[in-house]
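Keep in mind that what you see is a predicted model, and the values were worked out from it rather than measured. No hydrogens, no waters, no symmetry mates; every other heavy atom, side chains included, goes into these values.
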Amino acid sequence: MFLGVDGGGTKTAFCLVDRSGQVVARAQAASSYYFSHGIDLVERVLKEGVDAVCTAAGLTPADVEYAFFGLPGYGEAAGDLPVLNATPRAVLGHDRYACDNDMVCGWAGSLGALDGINVISGTGSMTYGERLGKGVRVGGWGEIFGDEGSAYWIAIRGLNAFSRMSDGRLPDGPLSEVLRRRLDLASDLDVIDVVHNRWQGDRGRIAALGRSVAEAAGLGDEAAAAILTEAGRELAQLVEVTRERLEFGPDETVPVSYSGGTFGAGTVLEAFTTGLKDRFAHYELRDPLYEPVVGAALYAAKLAGTPLDRPALDALRTASESLAPGEDGR
């Protein structure tokens, strides 16, 4: 039994996968992004999720052969690594696990842990790729001055466009009414109260407004559509730099896949696809094989020295294809 844990800025997903490739149980807990709430948050979230997924499977943590924990923010504060590396031990009661950044879950899931590049765009954004045993991360610098193309990045630009429309600095469009309805605004200036006062600038709640920008784009809002197009182009640039740093040859095929809820917006995916084609002829864009949390379990099996065989991988693929829309987003 292998445990996969995929942390994110909005939620943390858990799943147990057996050697035959069956997803035995799933669970979900709150975000494990601890930079805003303190590192103690990680143990609380992991314990809640591990207890829930084991209970659903009728097992105990001792029954887990190996686990992989993909944690948001892992590696971004060197002083926190000893605590993060030790935390799963307190939750599982054993040492059969490994930790890394949640970007590894997206890569392992999307490409089946094979050489290539995966771009993640959920609450935040980054790429992770591997080639011949070398791993490279690009992006993921946080929402204040990075995370280009992410849901948070899209939402902030949507809020900026809303303020401009309200002032008359930008032609009014459907985005205005979508956000007024979504935020239940009595007046446009109440958006300041909602985001800064009631939400206290909460990263996940702001990022969720990216869906409102996508809704407005679908209604013909030009400013919203431009934001989504720029997001796709930014994500393509992340992939391009990753390819260069991994030293793929000029005629070498580079498998590329993607994960995260932002790609649910068709305009983002279309701009991303076009951006890849404009930069390098040998990108091979692949639909994600597995969702990130399943990728985490798959990677756990690989790290244990007992990678799942082809029939098991095919069974996992079938399980992933049966997901309801939206279940593989962050």
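Put simply, the side chain of E270 never gets that close to the backbone of T267: no donor and acceptor are under 3.5 Å apart. Side chain of S125 to backbone of D147: a donor-acceptor contact under 3.5 angstrom is found. Without hydrogens or angle criteria, T229 side chain to A271 main chain gives no donor-acceptor distance under 3.5 Å. Side-chain N or O atoms of E177 include none that pairs as donor or acceptor with a backbone N or O of P174 at under 3.5 Å. With hydrogens and angles disregarded, no donor-acceptor distance shorter than 3.5 Å links the side chain of D193 to the backbone of N197. In terms of modelled atom types and a separation under 3.5 Å, the side chain of R157 and the main chain of W153 share a donor-acceptor contact. Here the side chain of H94 pairs a donor or acceptor atom with the backbone of P61 at under 3.5 angstrom. A distance-only check finds a donor-acceptor pair linking the side chain of Q200 to the backbone of H196 [under 3.5 Å]. Side chain of D202 to main chain of R205: a donor-acceptor pair is present (N/O by atom type, distance under 3.5 Å, no hydrogens or angles). Judged purely by atom type and a 3.5 angstrom limit, R96 uses its side chain to pair as donor or acceptor with the backbone of V64.
Between M1 and L16, the closest heavy-atom pair is CG-CD2, 3.7 Å. Heavy-atom minimum distance, E148 versus L235: O-CD2, 3.7 Å. Listed here is the closest heavy atom pair of A296 and G4: CB-CA, 3.6 Å. Minimum heavy-atom separation, L313 to Y290: O-OH, 3.1 Å. A pairwise comparison of heavy atoms in Y283 and L276 identifies CD1-O, 3.4 Å as the closest pair. Taking each heavy atom of L228 and A214 in turn, the nearest pair found is CD1-CA, 3.8 Å.
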*Evaluation steps, side chain to side chain contact (heavy atoms under 4.5 Å, CB included), between V256 and R286*: CA-CA 6 Å; V256 176; R286 300 179 180 178; over 6 Å; no

*Show the numbers, then the answer: is there a side chain to side chain contact (heavy atoms under 4.5 Å, CB included) between W107 and L114?*
CA-CA 8 Å; W107 164 77; L114 299 178; 6.0 Å; no

*Test R180 against D190 for salt bridge (charged side-chain N to carboxylate O under 4.0 Å, His left out), laying out the working first.*
CA-CA 9 Å; R180 290 185 188 113; D190 280 349; over 6 Å; no

_Steps toward side chain to side chain contact (heavy atoms under 4.5 Å, CB included) verdict (L209, L159)_ = CA-CA 9 Å; L209 294 179; L159 289 168; 4.0 Å; yes

*In sequence, state the C-alpha distance, the side-chain angles, and the governing distance for L316 and V17, and then conclude on side chain to side chain contact (heavy atoms under 4.5 Å, CB included).*
CA-CA 9 Å; L316 266 181; V17 173; 4.0 Å; yes

*What's the verdict on salt bridge (charged side-chain N to carboxylate O under 4.0 Å, His left out) for R44 and D40, showing C-alpha distance, side-chain angles and the deciding distance?*
CA-CA 7 Å; R44 294 196 300 271; D40 290 346; 5.1 Å; no

*Evaluate the criterion salt bridge (charged side-chain N to carboxylate O under 4.0 Å, His left out) for residue pair E240 and R279; output intermediate values, then yes/no.*
CA-CA 7 Å; E240 176 71 356; R279 285 174 167 84; 5.5 Å; no

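Cluster membership check: V42 does not share its hydrophobic cluster with V104, using side-chain heavy-atom separations under 4.5 Å among Ile, Leu, Val, Met, Phe, Trp and Tyr. Under a hydrophobic clustering in which Ile, Leu, Val, Met, Phe, Trp and Tyr are joined whenever their side-chain heavy atoms come within less than 4.5 Å, directly or via other members, M103 and L289 fall into the same cluster. In this structure, L41 is a member of the same hydrophobic cluster as Y74, with clusters built from ILVMFWY side-chain heavy atoms closer than 4.5 Å. When the side chains of ILVMFWY residues are joined at heavy-atom separations under 4.5 Å, either directly or via intervening members, F272 and M126 end up in two distinct hydrophobic clusters. By the rule that hydrophobic residues join a cluster once side-chain heavy atoms approach within less than 4.5 Å of another member, W141 and V138 end up as members of separate clusters.
Going from atom OG of S32 over to atom CG of D102 covers 7.5 Å, rounded to the nearest 0.5 Å. Remark: L179 CG to M165 CE distance equals 9.0 Å, nearest 0.5 Å. With rounding to the nearest 0.5 Å, the separation of CD in E247 from CD in E252 is 10.5 Å. Taken from OG in S31 to NE2 in H37, the straight-line distance is 7.0 Å, to the nearest 0.5 Å. Atom CG of L46 and atom CG of L71 lie 6.0 Å apart (nearest 0.5 Å). Taking CG of L81 as the start and CD of E76 as the end, the distance is 10.0 Å to the nearest 0.5 Å.
Inspection of the T127 and T242 side chains reveals an N or O donor paired with an N or O acceptor under 3.5 Å. Judged purely by distance below 3.5 Å, without hydrogens or angles, the side chains of S121 and T262 pair a donor atom with an acceptor atom. Side-chain contact of D287 with Y258: a donor-acceptor pair under 3.5 Å is present, judged by distance alone. Of the N and O atoms on the side chains of N118 and S259, at least one donor lies less than 3.5 Å from an acceptor on the other residue. Remark: the D100 side chain and the Y299 side chain contain no N/O donor-acceptor pair separated by less than 3.5 Å.
Taking the ring centre of F248 as origin, the terminal cationic atom of R131 falls inside the region bounded by 6.0 Å and 45° from the ring axis. The cationic group of R243 lies under 6.0 Å from the six-membered ring centre of F280 and within 45° of the ring axis, placing it in a cation-pi geometry.
Under a cut-off of 6.0 angstrom, the local environment of NZ in K134 is crowded, with over 12 non-hydrogen atoms contributed by other residues, nucleotides or ligands.
The closest side-chain heavy-atom distance from C54 to T60 is not below 4.5 Å. Taking the side chain as every heavy atom from C-beta outward, Y34 and D80 approach each other to under 4.5 Å. Residues Y97 and F68 fail the side-chain proximity criterion, which asks for heavy atoms closer than 4.5 Å. Side-chain contact between N101 and Y128 is absent, with no heavy-atom pair separated by less than 4.5 Å. Residues E65 and F2 have side chains in contact (heavy-atom distance under 4.5 Å, counting atoms from C-beta outward). Residues T12 and D6 form no side-chain contact, since every pair of their non-hydrogen atoms from C-beta on lies 4.5 Å or further apart. Side-chain contact check for E215 versus R181: some heavy-atom pair is nearer than 4.5 Å. Side-chain atoms of Y66 and K302, non-hydrogen and from C-beta on, never get closer than 4.5 Å to each other.
For an aromatic pair to be called close, the ring centres must be under 6.0 Å apart, and Y33 with F35 satisfies this.
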